[in-house]
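To keep things clear, I will list the structure first and then write my remarks on it.
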Amino acid sequence: MMKSTCFKEESPLERIRVASVQYLIRPVASFSQFQEQVEGLVNTAADYKCRLVVFPEYFSTQLLTLNNVNRNISEQIRDLANQRDRVIEMMSGIAKKKSIYIAAGTMPSFSDDKSKVFNDCFFFSPSGRFESQGKLHMTRFEKEE
């Protein structure tokens, strides 16, 4: 029988509690209303001693309700991509404040020259640091748009 070198024998694997958020997208009148809803969900997860909170893929689309929702969807998505840094700052602060990991769904992001829009997922650590992963499998809508 071979021994694993990945884990110390005297150290059992830790378990973590994960909160998978069922996110209600309702119109918001301000970014702070959006932030309050997100913070409330993370606070609830932290109260239940969760170490990881997982938001749904497109939860940030709630921010589209801040503007004219009757515009072309391409314009709306580009406006949402302009909110990227603000959302990252917010999620980073919440993760740090609650000392929790957050898988923050996806968010449209621009290419360096702003000619293309990508769908990126952001993962935040309790230190507030984050990494991103581009979406690997696009829906037909994402491919076409």
Side-chain angles (χ1 to χ4, degrees), residues 4-8 11-145:
S4 171
T5 57
C6 296
F7 302 103
K8 292 181 181 177
S11 172
L13 293 176
E14 286 189 44
R15 293 178 187 232
I16 66 166
R17 185 170 287 182
V18 177
S20 180
V21 174
Q22 184 173 354
Y23 196 86
L24 175 62
I25 294 181
R26 59 180 176 236
V28 289
S30 65
F31 188 90
S32 62
Q33 276 189 329
F34 170 71
Q35 183 170 344
E36 287 171 14
Q37 183 174 339
V38 171
E39 278 185 300
L41 293 165
V42 174
N43 289 341
T44 300
D47 288 347
Y48 280 94
K49 304 205 180 334
C50 294
R51 294 287 297 137
L52 169 64
V53 182
V54 181
F55 281 84
E57 182 176 10
Y58 285 112
F59 90 100
S60 64
T61 59
Q62 183 176 28
L63 291 171
L64 294 175
T65 66
L66 292 174
N67 297 308
N68 178 1
V69 295
N70 295 320
R71 293 175 300 147
N72 178 300
I73 189 67
S74 296
E75 289 177 40
Q76 291 184 59
I77 296 300
R78 287 184 165 279
D79 280 348
L80 187 55
N82 283 322
Q83 296 282 335
R84 175 187 174 267
D85 292 342
R86 193 172 185 190
V87 172
I88 287 173
E89 183 180 326
M90 177 194 79
M91 296 304 280
S92 176
I94 294 170
K96 191 171 185 176
K97 180 180 176 183
K98 298 310 281 185
S99 190
I100 200 164
Y101 291 93
I102 301 174
T106 56
M107 180 92 194
S109 299
F110 287 114
S111 60
D112 290 336
D113 64 359
K114 292 199 172 194
S115 65
K116 294 182 181 179
V117 178
F118 299 98
N119 198 1
D120 291 333
C121 178
F122 295 91
F123 188 85
F124 297 86
S125 76
S127 71
R129 292 185 57 217
F130 71 93
E131 295 291 335
S132 66
Q133 170 64 53
K135 187 169 180 181
L136 300 175
H137 301 286
M138 301 295 167
T139 64
R140 188 186 65 148
F141 168 77
E142 291 167 328
K143 287 177 189 174
E144 291 172 0
E145 295 296 321

Return yes if some donor-acceptor pair links the side-chain N/O of [X] with the main-chain N/O of [Y] below 3.5 Å, else return no.
{"X": "R84", "Y": "F110", "result": "no"}
{"X": "R129", "Y": "S92", "result": "no"}
{"X": "Q76", "Y": "R71", "result": "yes"}
{"X": "Q37", "Y": "Y23", "result": "no"}

Taking all non-hydrogen atoms of both residues into account, name the closest pair between [X] and [Y] and its distance.
{"X": "V28", "Y": "T65", "answer": "N-OG1, 3.0 Å"}
{"X": "S111", "Y": "F118", "answer": "CB-CE1, 3.6 Å"}
{"X": "V18", "Y": "C50", "answer": "C-SG, 4.1 Å"}
{"X": "N119", "Y": "P108", "answer": "OD1-N, 4.4 Å"}
{"X": "A95", "Y": "F124", "answer": "CB-CB, 3.9 Å"}
{"X": "S30", "Y": "L66", "answer": "N-CD2, 3.4 Å"}

### Message
For the CG atom on D113, are there more than 12 heavy atoms of other groups (residues, nucleotides or ligands in this structure) within a distance under 6.0 Å?
### Response
yes
### Message
Is it true that, when you exclude E75 itself, more than 12 heavy atoms of the residues, nucleotides or ligands shown sit nearer than 6.0 Å to its CD?
### Response
yes
Any side-chain heavy atom of [X] within less than 4.5 Å of one from [Y]?
{"X": "P126", "Y": "Y101", "result": "yes"}
{"X": "D79", "Y": "L64", "result": "no"}
{"X": "V87", "Y": "F31", "result": "yes"}
{"X": "Y58", "Y": "I25", "result": "no"}
{"X": "F59", "Y": "V21", "result": "no"}

### Message
For K114 and N82: C-alpha separation, side-chain torsions, deciding distance, then whether side chain to side chain contact (heavy atoms under 4.5 Å, CB included) applies.
### Response
CA-CA 10 Å; K114 292 199 172 194; N82 283 322; 3.7 Å; yes
What's the separation between atom [atom1] in [X] and atom [atom2] in [Y], rounded to the nearest 0.5 Å?
{"X": "M90", "Y": "S32", "atom1": "CE", "atom2": "OG", "result": "11.0 Å"}
{"X": "Q83", "Y": "M107", "atom1": "CD", "atom2": "CE", "result": "6.5 Å"}
{"X": "Q22", "Y": "L41", "atom1": "CD", "atom2": "CG", "result": "10.5 Å"}
{"X": "I94", "Y": "I100", "atom1": "CD1", "atom2": "CD1", "result": "10.5 Å"}
{"X": "L63", "Y": "Q33", "atom1": "CG", "atom2": "CD", "result": "11.0 Å"}

### Message
Can a side-chain donor-acceptor contact be found between S109 and D120 if the only test is distance below 3.5 angstrom?
### Response
yes
### Step-by-step side chain to side chain contact (heavy atoms under 4.5 Å, CB included) determination, V38 to M91
CA-CA 9 Å; V38 171; M91 296 304 280; 3.7 Å; yes
